[in-house]
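Positions are given from 1, in the same order as the sequence printed here.
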Amino acid sequence: MILGASLLEGMRWVREHLYAVCVLGPLVLGMTYLGVGRAVEEAEWAPTGFEGGALSVAAAACLIVMSMSRASAEVYHLRRPEAMLDALPVAPEAHLLAALIRRMVRTSVVAAAAVVLRRFAGGTVLDASLLLPLALFVWVTSAAEVLASLQWIHWGHTRGRVNAAAGLALVVIGALTGGLLLWLVLAPWKWSDAGRVWALAGGALTGVLLSALSVVLHGRWRAADAEYAKRLGAGAARRGLWGRAAWVVRREPPSVKAQLARDLQLTLRGFSSAVYTSAGLAALFVLALAALLGSGWPPEGGGAWAGMGEAWYEATLLPRVLAVKFACVLASAALGAVVPVLVAHQGPHMWLERATGVRGADAWRAKLLLARIVMLPGAVGAWAVGVACGAAPVFYVVPLLAECLWLWWLMSTLVGGLSFEMPEQPGLALVVMTCAAVAAGGFTAFLWPMGLALYAFGMQQLLMRGAQQAHSFLKGADVKQGLFEKTGGEGRE
């Protein structure tokens, strides 16, 4: 019954968003696939066994952390129609099993993408030997997602450190096992026969362990944690938050200040696991920059460029300076991914803005300021690590900071301007906004004067469209109802 209701709801959503599903989604994903594939082919990069395994484990860990919010909503029916089932005599195991099956269906999409990515690793797409490691990857990852969501909700409710430490260790084991199974799918020829057997056996045992623990802990914790889970993410902003961002919004209208304070409060409270994923990816990019510069690559550049007498515009093309700027772009884009997820999270509660008469320009302005605040640590962190590792000559330390801040300003303006572009499809909005921000930031990092032209000629139209999209989103229900009444219910106009 639970799965049938979910399937019916999903089919209704597909019928209402046929354009996004059939046209816009495949177009964006296809362009991303072709762009990434072409870049990988031109770079002729072939990961070693250790590199591929590390990247696969990191991908599995990001998938688990990123899915915690959605998995908890599926287990406890947060803001979902299935919440009425809590009043019926439904066994807790049925709720958990339905959530696990939904997780497995969603993870199967990632598994299908992994099969397509085998082409980059040098394999074939169609291979019958992939079925067992694929099934184990989906099972282990889904079970780890469900267990992580249970531990996340229980930690917020009880703050039990021993329980949280044990749960974190189990989730780490699930991420390691799932990552290795993913690497087995991508490049099985890099595994020995004994290694494959051990990986498959370990995946089966891990899947059984995580699933059994999820059943036991869910049956023990559901009654106590369900009420806390429903309160998660609710509530107004605290007054003590004003000191964190008051200096940014002194001249803004009161409605913008109130919305920005609420958005910052939700972000700091971890309204979604996407907050942890974004912060972790940004930290990973900064740490990768430190490791890259510490290893002595890329080279420091020609000796003439390192002198004080050289023109400053030449120093911007130093290989190590470019590495700092590209790390700034990636870290800032990772942090900016919080914005579309937050907009989708607040969608069911937008009746508050409609009831209080909030203008679309104010709602969009609040999201623009939020994007600039949350993306700033990525730019500053990349610059600080680059300076600490000696990536730039002494005379170029301050200009490099100016370049990183310029990249942050350009990318945050793009992310904030597109925040209300696709509020009902957060996944697609995340792909579009991230690709746009990384493309503009990467182009500007290599040739920063072109960013000035981009900002001068294209940003004004983007900002105007962003305010209009926010207005349409806030007033969408009222506009549709008025049009329906005006046309007599037939929609002829």
Q: Kindly write out the residues that satisfy side chain to side chain contact (heavy atoms under 4.5 Å, CB included) with Ala135, not counting sequence neighbours, or none if the list is empty.
A: none

Q: Checking side-chain hydrogen bond (donor to acceptor under 3.5 Å, both in side chains) for the pair Arg372/Thr413: CA distance, chi angles, key distance, verdict?
A: CA-CA 7 Å; Arg372 287 177 175 164; Thr413 304; 3.0 Å; yes

Q: Considering only residues two or more places apart or on different chains, which pairs with a residue in residues 441-454 satisfy salt bridge (Lys or Arg N to Asp or Glu O under 4.0 Å)?
A: none

Q: Sequence neighbours excluded, which residues qualify as side chain to side chain contact (heavy atoms under 4.5 Å, CB included) partners of Pro423?
A: Val343, Phe473

Q: Consider only side-chain N and O atoms of Thr107 and Ser142, and report whether a donor and an acceptor are under 3.5 Å apart.
A: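 The criterion, which ignores hydrogens and geometry beyond distance, is satisfied for Ser142 and Thr107.
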
Q: What residues, two or more places apart in sequence or in another chain, satisfy salt bridge (Lys or Arg N to Asp or Glu O under 4.0 Å) together with Glu403?
A: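 Here the qualifying residues are Lys325.
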
Q: How would you list, by chain and number, every residue that makes a side-chain hydrogen bond (donor to acceptor under 3.5 Å, both in side chains) with Trp139, sequence neighbours excluded?
A: Ser211

Q: Among residues at least two apart in sequence or on other chains, which ones pass side chain to side chain contact (heavy atoms under 4.5 Å, CB included) with Leu134?
A: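 If we apply the side chain to side chain contact (heavy atoms under 4.5 Å, CB included) test to Leu134, skipping adjacent residues, the hits are Ala111, Val115, Leu130, Val185.
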
Q: With sequence neighbours excluded, what pairs up with Val341 under the side chain to side chain contact (heavy atoms under 4.5 Å, CB included) test?
A: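 By the side chain to side chain contact (heavy atoms under 4.5 Å, CB included) rule, Val341 matches Phe271, Ser272, Ala274.
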
Q: Could you work out, with side-chain hydrogen bond (donor to acceptor under 3.5 Å, both in side chains) as the rule, every residue matching Trp409, not counting sequence neighbours?
A: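 Partners of Trp409 by the side-chain hydrogen bond (donor to acceptor under 3.5 Å, both in side chains) criterion, ordered by chain and then number, come out as Tyr455.
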
Q: Can you list everything that forms a salt bridge (Lys or Arg N to Asp or Glu O under 4.0 Å) with Arg106? Sequence neighbours excluded, please.
A: Glu74

Q: Please list all pairs meeting salt bridge (Lys or Arg N to Asp or Glu O under 4.0 Å) that have one or both residues in residues 57-69, counting only residues at least two apart or in different chains.
A: none

Q: Got a list of side-chain donor-acceptor pairs under 3.5 Å for residues 280-292, not counting sequence neighbours?
A:
none

Q: How would you list all residue pairs meeting salt bridge (Lys or Arg N to Asp or Glu O under 4.0 Å) that involve residues 135-160, not counting sequence neighbours?
A: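 Only Arg103-Glu145 qualify under salt bridge (Lys or Arg N to Asp or Glu O under 4.0 Å).
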
